[in-house]
Structure formats: structure tokens, C-alpha cells
Amino acid sequence: MIALETVAPVIEWQSLSPVLIVLGGACLGVIWEGVLPRRLRNPFQIVTLLAAIIGALTMLTLNFLHASLATDAATSVDPKVGLLAVGTLCSDGPSMAAWFALLVFGGLALLIFGDRQLNQGASAFASAAATTPGSDEEQLADTIGREHTEVYALGLFSLAGMMVFVAANDLITMFIALEVMSLPLYLLAAIARRKRLLSQEAALKYFLLGAFASAFFLFGAALIYGYSGSFQWAGIDSAISGGSTSGVAVVTFGDGILITGVALLAVGLLFKMGAVPFQSWVPDVYTGSPTPVTGWMAVGVKIAAILGMMRVFYVALGGIRWTWQPVIAVVAVLTMVVGVIMALAQTNIKRLLAYSAVSHAGFILTAVVGTQFYVGAGQLNAIGSVMFYLIGYGFATIAGFAIIMMVRRGSAEAWDLDDWAGIGVKNPVVGVLFAIVLLSFAGIPLTAGFIGKWAVFTSAWTGGYWWLAVVGIAFSLVAAYLYLKVLIKMFFAPPAEGVRVAKASPFVWIPVIISTIATLILGLLPGPVMQWLSTLEIFIR
Amino acid sequence: MNPTLLAVVTLAAVLFCIGLVGVLIRRNALIIFMCVELMLNAANLLFVAFAWAHGGLDGQVAAFFVMVVAAAEVVVGLSIIVAVYRARRTTSVDVPDALRL
Amino acid sequence: MTETLEITPQLVGIILCGALAIIGGIGLITLRKAVHAALSLAFVMVNLAVIYALFDAALLAAAQVIVYTGAILMLFLFVIMLVGVDRTESHREPIRGLKPTAIVAGIGLCALIILGVGSALTATPVGLESANATWGGNVESLAVLIFQSYVFPFEYISALMIIAPVGAMVLAHGARLRPKRTQADRAAERIAAYAKSGAHPGPLPNAAVTALHDSIATPALLPDGSISAASVAEAMVERDAVVNTQWVAARTAERFAELNGEVEPAVVTPEPLELIDTDEERGALK
């Protein structure tokens, strides 16, 4: 028997602490479900959620301020910029910025789970998801006030999945993070309080297509590993550029493996961000899921999928960018066209925002093919402009779906676009807030959406894809017509009968107000944030 | 061209595409899910074969993790399928009205 | 091509098990019943386990059989049993021409992958002898790799191990909605009902036991000779299966008298039991 005498691996605990705190909060949430009496669970869960988010943000800020720039493992001290946890994670500018964004959006979006006022004292989730919809048992569970407080823990798990996904430094970690991000969302999609059949169908569709997409991702990952003999970005990159891979015997195969692998991997990633032609799940899943969950998945998954994709394509596959750039450009055009045109045909506000989310993925993808290197003072490169776009999109989306929760016909959410007629007159505050959201989506000046669109199109233009920028501008004008149509209906159409803006608790109001104010500030004073992002826009290899 | 590798890559590609066709043509959610599992198995086969080709065990570690992930995914997926079955008394993906696969 | 095609035992094994796996895969997508599909998938997985073993992956071969075939697939079978084994799916195609299109697309993608990848497999494989020998064996070397290089993904994957049972509990476990009724609760309820409405708190009377008939379809007779409605199940009454005990009692009394010599024994012929059949009598039983 040979004794396995190995040294313990070095783990940078402080650099990893934001992820670990979020995971710890999620585990604590699961423990509360087991040990606390039912009436105490909800307050404990909300306190745990807030503590985890604030704790993680605090640690992240400390790490950000004190991170050692030494990339040499021997001299670097713990909060550091560089590879973490034996080279499976990467702490660099984009990952830190993405963690900030994900934690802030996670905090806002998961806070909305806590609302008990819009559903007359009940949450937006099923009282007992295991009961058959429409059964006596379900009625009884409603009457005695049962609720699923696991949703906070599941939300935190998905947040931890997204955080690792954007920072993953190898394909294995990325695949596991993809699943940690997705599985809680499949579950959360299935447990809406109202229209439960629709919700379960949405979850089934999301799950089957999501698992299908991860199979593509995995087959692509296997082929890329076959090509390079390494899972790490650096190893794949050096295999492409012909250098020796670290510690792995060099067995070089032809490019056919790599190209096939990249194509299949891209299918998996494009599916997650809802790009055409893998967008078919988006409208159904966004509509069927409980609205607070829709807001969270629309923001979180998009940030994670796009930044994760940029990391793979820039860091690992930068050497063959002449191969993938035209393909992604075509996908971007298709995504913009299909997203905008399908959104024009929708009569359901949730489906409309779902297709609008598809079109935003297209606008963002224009920058992904754009330039990825330093472009000059005061300008953002592709990573910075995508990040800015995502931050603007995230605030507007969270506010948008939260406001959809408030507009109700009877006790159910009014999804029909005709029901939204005259909402701005009935309740001017909500009307103005939703107008800000729509203007930002439309990319009207003085909102975050305008600066974001400006940044991504500039990036595409300077990257040599001027025709893509032109198509993008053209379709953002068509999209602007779409949002203005809704806006005009909200303020100038005769008010719809029987639709009201329900009283919401601070759990909804605080995220809505923070998000809309942030949308305006980012539109009026984008300078500081752009400045900050421009220092954070280089991926470390 | 190495015949062993060629044989195993062909096998993996065939199994992957059988799974793909199964996902597209079958209407029972359980069988669709099993077809996805077949696709994951095809990927695992590639990991193992390329680990052998490169003389490094990383591919086997990946296959090992994929098995763990698949186990978790199966639990979540089957509980969703059971929930849909309880409400609808069917596991067909056609009966749900709001969506078409 | 200068190198000669070398037929190794490994290659023979892969081709053999691979062919069987493909047959299993085709079974998975063609067999109508879900159980048969699951069993063909199990067949594929066992064949893949053999191939893993041929590629020096001893641990994975074992895990493939134990985890994949033994646990994951059995979970599938369990759910198939739960939702009904004899269920077959409809032949209806939701989109016309989906099947041929899907098959052509599948064959096309397969050809693309094989052409793209196959032509690129130019290098000679290294083999795993030295990698496996680093720490004394396949399992040991994998263990070192998992606990050194891949320690973060390994620990992180435990998040999935928590999410999965939580999700299964949320969607499939029905927590008790009413408090559990104990024996004491039931007794108190019965006495309360007796105090309130005079409902009998004790057990219901048994069915009658007579010399000629003792099935549960025979209602008991009360001391005054009338039939006790409470001694037979209501379903029996509704299905007209209740025997007229008074008639049975009369026959019993006759036989008893014969045996005591009080009357001449009659030739015993089996006669059909008289069922209660008039509405009036049935009404009395209800």
C-alpha cells in the first residue's frame, strides 16, 4: 500500500469568500427549513438572504480594494488578482465587476421573493407545490397559510452558480457552475402560486431543453479537451497557438476537433442566453415562471451566460477568433431581428418582455464580436461595454418584472397588453416608473439603455464590424417603436375596466425604486461607472 | 490516423446523435430525458477516450464529475416530471398546451 | 497512409461493445414502452462501462455500472413504475414531417462530427500506463487529482447534492397539512358525538354466524328477531347481495328440529339462499 503523501492544496479563502458566503447563506437557509417552526422560517430566511448578500458584497469590496496584483503564486497574498483555488477560478477585473453586479441584482431580485402583500398575505409561490393543482389539499394548504420558504435558499444557490460561472477558469468548473445555476431555476420556475399548470409546463420545458443544451456544452467541452489535452483556458489557448501545454503531454490533433467542439460548446452557451436559434424556450419559460423568478433569471442568467461566453471565447479561443467572429455576428443579427419582430407581435406583456430580452441578447452579442483590446481613453472595450449594457439592462428588467407583479386584474397579474391601457393615468407613480424602464429598454437618451447601446455599437464598430453596428442601430429604432407603443397605450388609451395597481410591500418597492433611480443615474452620469469599468475590463489568462 | 480513437469518436458521435434524434422525435418526457442521458454518456465516452489519448487523467475526472451532475439533474428532472404527471395524468410533452417542444 | 492497421484486443472490444451500444441506443429511441427504453439505455451503459475499462478507467467503469446503471437508471425505472408501466405514447406527430427531418438532421450532424473530428485524429495516443502509475493505480491517481487540482469543483459540486433533495422535497413530498389524529383523539371524538347526537360510540355489530351461512353478506339478528342494518356494509345492500337472515334462521331451526328427532328428516336438497329483494326490506336495512 503506497501512502498518498500529498500536500494540501492552497485555497485563497479571502478571495473566494464572496462565493463561499453566498453558498453558506444558502446552506443556512436549508438548515432553517429543517429546524425552525414554520412561522419563524420566512423572517429567518430573509435575514439570512440579506446577511449573505451584504456580507459577500463587503468581502468583495475589501478584496477589490486590497487585491494583490502579483500574479506570481509565490509572492501573492490572499486577496489577489489571478488564479484561485488551484487554477479553477479566476479573480480578475471582469469577474469582480460581474460579482458586484450579480450580488446587487441578486439582492434586489431575491428581495422581491419576500413580498406578501400583492397576493393578500401570501407569497408569489405555491402554498404546497406537491399538491395537485385545483385539489382540496391545495385549498387546505392555502387556507392554513402554508408556504415554500426554500425559494430563498434556491435563489442563493443559483446566485452562487452564476458567480462561479463568470469566474470559472476551466471547462469542468464551468459545467458544474452551469448546473448549479440552472437546477434551482428549473425548480423555482415550477412553483408559481397562480396558473400552476402553466408554471409546471414551463419548468418541464426549461428543464428538458436546458439538459439538452448542457449535453451539447459537454460534448463540445469533451472535443475541446480532446484537441488541447487541457481544460484550463490557458492550456487550450497555448494548444491553439502551438505552445506547450502546462504539465500535459503534447498530443496535437488537427483543427477539425477544435472547430466542432467550439460549435457545440457555443450551442450550449447561446441556449442559456436565449440567442436565436435557441430562443424557443424563452417566451414560454419567462411567462410560466413566477414573476419574481422571471426577473431574476432574465437578469442573472443573461449576465452569467454572456460574461462566461466572453471569457471562453476571448481567453481560451481568442486564437481562432477569425473563425468564430462571423458566426457570432450572424447569430447576433438573427437574435436582434427575431427578438424585435416577435416582440412586436405579442399581446402579453410578459411574453413581450421575454422577446425583448432575446433582442437585448442580440444587441449585446454585437459587442462580443467587437474589439477586445484597449481602445483609447474614455472608451470601453468589448468587455466593458457589454458589462455596462448588462448593468443597465439588469436594473431595468428587475424594475419591469416587479411592476408587472403590481398591475392586477382581480387578484391575478394582468398580463394582457390591453389591460395595461391607462395604467399611467390610474397610478402616475407606477406609470412613470414603468416608462423609465421602457425608455431604457428602447435606448432613449438620458437612460442607461442609451449609453449601453452606444457602448456596444461603438465596440462593434471599432472592432471592424461596422455593418453589425448599423443593423443594431436600425433594429434598436424598430424596438424603440415597440416600447413607445406600449408607453402610449399606458398613458393615452382609455383606462381598462377592472384593472388596478395593487398595494405592494417594501419588498417590491425598494428594488423598483433603487432600480429605476439607478437606470436614470447611469443614463445621466455614466462617467464614473464607465471609468470604473474601464479599469476592470481585461481578462487574466 | 489511429483506428482505436477513430472507432471511439465514431461511436460517441453516433450515440450523441441517436440521443439528439430521440429528443426530437419522442413525445414522452421520460424517454426524452433518457435520450439526454445518452448524450451525456456519449460525452463521457469522449472524455475517457481523450484522457487515454493524452495520457492525463483530467478527462476521467471530468467524466466522474459529469456522473455526479447527472445524478443531481435526474433527481430534479424526475421530480418535475412527477409533478406534471400528478397534475395532468400524462408524461407526454404534447398535452401541455402552452408549449410545444 | 504508411502505418498499418493494427488490430489490438482493445480495438476489437471497442468495436464489439460499441456495436451493441448502438443497438441499445436505437432501441431507446424506437421502443414504444418506457420500460423497454430504460432497459435498452441500461444495456448501452453497461457496454460503455466495458469500453471505459478498456481505456484504463477502472474507477469510472465501476462507477458507470454502480452509479449510472445502478442508481440513476433505477430511479428512472422507479418513476416509470410510478406513472404507469403500460402507458405507451401517441404516434401523433405535432409537426408534420418532424420525424424524417429529425432523423436526417441527426445523421447529418453525426456525419459532420465524424468527418470533422475523424480526419483530425492524426497523433498517436499516449496511453495511461504512466499517468495511472504515478500514485500506484487508477483510483489513487484520480484521488490525488480530485483532491489537489480539482478540489474546488469537487467541494462546489456538493451544492448540487443539496439542491437536488431540496427540489425533490419541494415538488414531490407532500408535507402533512392536518395534525395527525391519535387513538385518544378518535376516542374523544366518538364520545363527543355520542353526547351530542347519540351516535353509538362502540364498534358496529358483526355479521351473523349461523349453521347455514356465515358470510359478511348475512346481517345479524337483534334479540327481537329483527335484522340489524348496522352489521352489513352499505355496499352490500346497494348491490343486492344481502342474505335474508330471518329465512336462514327459520331453515336452521327446521334442521335443528330434524336432528333432535322432532320431525321426520327430509331429503336434503341444496336450495338457493333467499336474498333480500323487495324495496321495503332493503329500505329497512339502510
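In what follows, every chain begins at residue 1, and chains take the letters A, B, ... in the order their sequences are listed.
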Parallel under 30°, tilted from 30 to 60°, perpendicular over 60°: which one fits the rings of B:Phe65 and C:Tyr150?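 Geometry flag for C:Tyr150 against B:Phe65: perpendicular rings.
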
Under 4.5 Å from a heavy atom of chain B, the part of [X] involved:
X        : result
C:Ile26  : both
C:Tyr68  : side chain
C:Phe78  : neither
C:Ala38  : both
C:Ile157 : side chain
C:Thr30  : backbone

Side chain / backbone / both / neither for B:Ile18 at chain C, heavy atoms under 4.5 Å: both

Under 4.5 Å from any heavy atom of chain C, what part of B:Val23 do you find: side chain, backbone, both or neither? neither

Smallest heavy-atom separation, B:Thr4 atom then C:Thr8 atom, equals OG1-OG1, 4.3 Å

Residues B:Asn41 and C:Gln64: side-chain donor-acceptor under 3.5 angstrom: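 Yes, because at least one side-chain N or O of B:Asn41 sits under 3.5 Å from a partner of the opposite role on C:Gln64.
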
Which residue pairs pass the ring-ring contact (aromatic ring centres under 6.0 Å, His included) test when at least one of the two sits in residues 24-45 of chain C, sequence neighbours left out?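 Not a single pair qualifies under ring-ring contact (aromatic ring centres under 6.0 Å, His included).
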
